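Notes follow once the structure below has been shown.
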Amino acid sequence: MILGIETSCDETAVALVTQDGEVRSNVVASQAELHARYGGVVPEVASRRHLELVGPVLSEALERGKATLDEVEAVAVTRGPGLIGALLVGLSAAKALAWSRRLPLIPVDHLHGHVASLYLEPGALEPPFLCLLVSGGHTLLLDVRARSGYHVVGTTLDDAAGEAFDKGARLLGLGYPGGAALDRKARDGDPDAYSFPVARVPGFDFSFSGLKTALLYVVRDLPADELERRRADLAASYQHAIVRALVERTRAAAMELGGQPIAVVGGVGANSELRAALADATLAPLPLCTDNAVMIASAARYAPAIPFPQYLALDAYATAA
Amino acid sequence: MLILALDTATDVATVALARDDEVLGERASRAVRVLEDVEVLMGEADLRAADLEGIAVGTGPGSYTGLRMGLITARTLAISLGVPVAGVSTLDALAAGAPGATPVVDAKRREVFTLVESEPHCLAAADLEVEPGRAYVGDGAVRYRDLIEERGGVVPPDDAGEHVPWARHHARLARDFGPGEATDPIYLRAPDAERALRR
């Protein structure tokens, strides 16, 4: 059994997953409420909370999995990318846990983790497939040929899709976290009410910064009462533009790669319009779209384990190498 | 009682292994490598993690990231090994290593952490009250050597051992062992975002 730990952003998570990919427990303590009053994740606030939560979350993961630490055969942990101070809390906990029980440690890349949310039983996805990874920090098209890795075929040139959702929600006064709020508001609006431009960039890359600027101009030029009346239409049109850009690029890339099946992972993968637009694709289960430790333990099944005690000087990394 | 002591609140992270009043070994490196030093000490003493009976950990004040690494290490070891934890302030450990001296830890942004009437405080370096003839130790004393010496204080040479919060002192000062989760960090400053919100 693998125990996974994830603390790369504002979720403190611990999970137990078997070597066969069966989830034994999945505990996620979200700090979203804590960060809401700042309008975004504050690294120092997140790190302080991780320190408080890792122990209780670990105990709860064991309890819910009806397991003891004696059954844990390896410790998996997110090494990066993410907030460095937050990552170091999880990494230090993982090292202490592995060292004290003479276990191997498996450092996992957070993005590989998201893809590995598709490798769990029942119904584990078999490569090859084209994976759209969409979250607050990343927008990637990945050519996945084996469970141990992937090849990046497209990325965002500026904002991540999740960032575009958060910024749009802020402009529309929908609060934080913005993605889910904007999704809810969009359901009452007309997606064709406004035409927002989707940047055309070469290859399979994305660009969302122009979209946010376009929304800013529309919002700025609307009288307050008119803005109130058109909020749902604006949300729906803005969301539609993001989803259309994601879907068009993803389908084009899948075609280019010889008609590969499509899969979607990451926080924006929870968006209802995106899920409907890619209904034929393999979609990560909703609870595993946002950050969690199940995906980290899952990825560890396909990543090299560092034997005891060779991992004791291991450092975290903030950005992808 | 076999105690593992560690302090990662300053740039020089220290670890010590002690049985009752006897120090079995002590090492220094950086926060991210602290367990590597622990493993070396345990090997030299021919001991294993399972032999530990208590953890003493530096609770700062100091670098927030470093401090958390030590605390989460101590708390996780406590859960894994079923042993209690005792927190010792980094300033108290520094003071124990240099009797008669005032400990000063660099708090960055022209501020220092120091003891005022035995209590930890964060204050502007310029506001440090220096007693002529008195010794000042710690990385904050080294950083503000000119200021302290100008006001008549004494700061040992930069490479003097007194500037490091050696973990042997944590092992000796550790009292009231209890659950790891009850050992809290001494931050002394709210996060910037929170202070901005209050304005």
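Quick caveat: nothing in here was measured; it's all calculated off a predicted structure. Because only heavy atoms are used, hydrogens play no part in the values below, and waters and symmetry mates are left out as well, while side chains stay in. Below, chains carry the letters A, B, ... as their sequence lines are ordered, and counting in each starts from 1.
- When the candidates Arg30(B), Arg75(B), Glu36(B), Arg48(B) are compared by the number of heavy-atom contacts under 4.5 Å with chain A, Arg48(B) comes out ahead.
- Of the two parts of Leu69(A), only the side chain, counted from C-beta on, holds a non-hydrogen atom closer than 4.5 Å to a non-hydrogen atom of chain B.
- For a residue to count as touching a neighbouring chain, one of its non-hydrogen atoms must lie under 4.5 Å from one of that chain's; by this rule Val42(A) touches chain B with the side chain only.
- Interface residue Glu39(B): backbone and side-chain heavy atoms are both found under 4.5 Å from chain A.
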Only pairs under 3.5 Å count here: list side-chain donor-acceptor contacts from residues 167-182 of chain A, not counting sequence neighbours, and write none if there are none.
{"unit_1": "Lys167(A)", "atom_1": "NZ", "unit_2": "Asp159(A)", "atom_2": "OD1", "d": "3.3"}
{"unit_1": "Lys167(A)", "atom_1": "NZ", "unit_2": "Asp159(A)", "atom_2": "OD2", "d": "3.3"}
{"unit_1": "Arg170(A)", "atom_1": "NH2", "unit_2": "Gly39(A)", "atom_2": "O", "d": "3.2"}

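- Note on Asp192(B), Leu52(B), Thr65(B), Ile72(B): by heavy-atom pairs under 4.5 Å with chain A, the leading option is Ile72(B).
- Dense packing is recorded around CD of Glu44(B), with more than 12 heavy atoms of other residues, nucleotides or ligands lying under 6.0 Å away.
- Of residues 293-314 of chain A, those residues lying under 4.5 Å from chain B by any heavy-atom pair are Phe308(A), Pro309(A), Leu312(A), Ala313(A), Leu314(A).
- Interface check for chain B: of the options Glu52(A), Arg102(A), His50(A), the most heavy-atom pairs under 4.5 Å are formed by Arg102(A).
- More than 12 heavy-atom neighbours from other residues, nucleotides or ligands sit within 6.0 angstrom of CZ on Arg37(A).
- A salt bridge is defined here as a Lys NZ or Arg NE, NH1 or NH2 lying under 4.0 Å from an Asp or Glu carboxylate O, and Glu111(B) with Arg189(B) meets this definition.
- We find that Arg64(A) and Glu60(A) are joined by a salt bridge, their nearest charged nitrogen and carboxylate oxygen being less than 4.0 Å apart.
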Starting from the C-alpha separation in whole Å, work towards a yes-or-no answer on side-chain contact (heavy atoms from CB on, under 4.5 Å) for Thr78(A) and Thr7(A).
CA-CA 7 Å; Thr78(A) 308; Thr7(A) 62; over 6 Å; no
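- Residues Arg33(B) and Asp315(A) are not paired through a salt bridge, judged by the lack of any N-O separation under 4.0 Å between the basic side chain and the carboxylate.
- The neighbour count for Asp21(B) CG, taken as heavy atoms of other residues, nucleotides or ligands under 6.0 Å away, does not exceed 12.
- At least one cation-pi condition fails for Arg79(A) and Tyr317(A): the charged atom is not both under 6.0 angstrom from the six-membered ring centre and inside a 45 degree cone around its axis.
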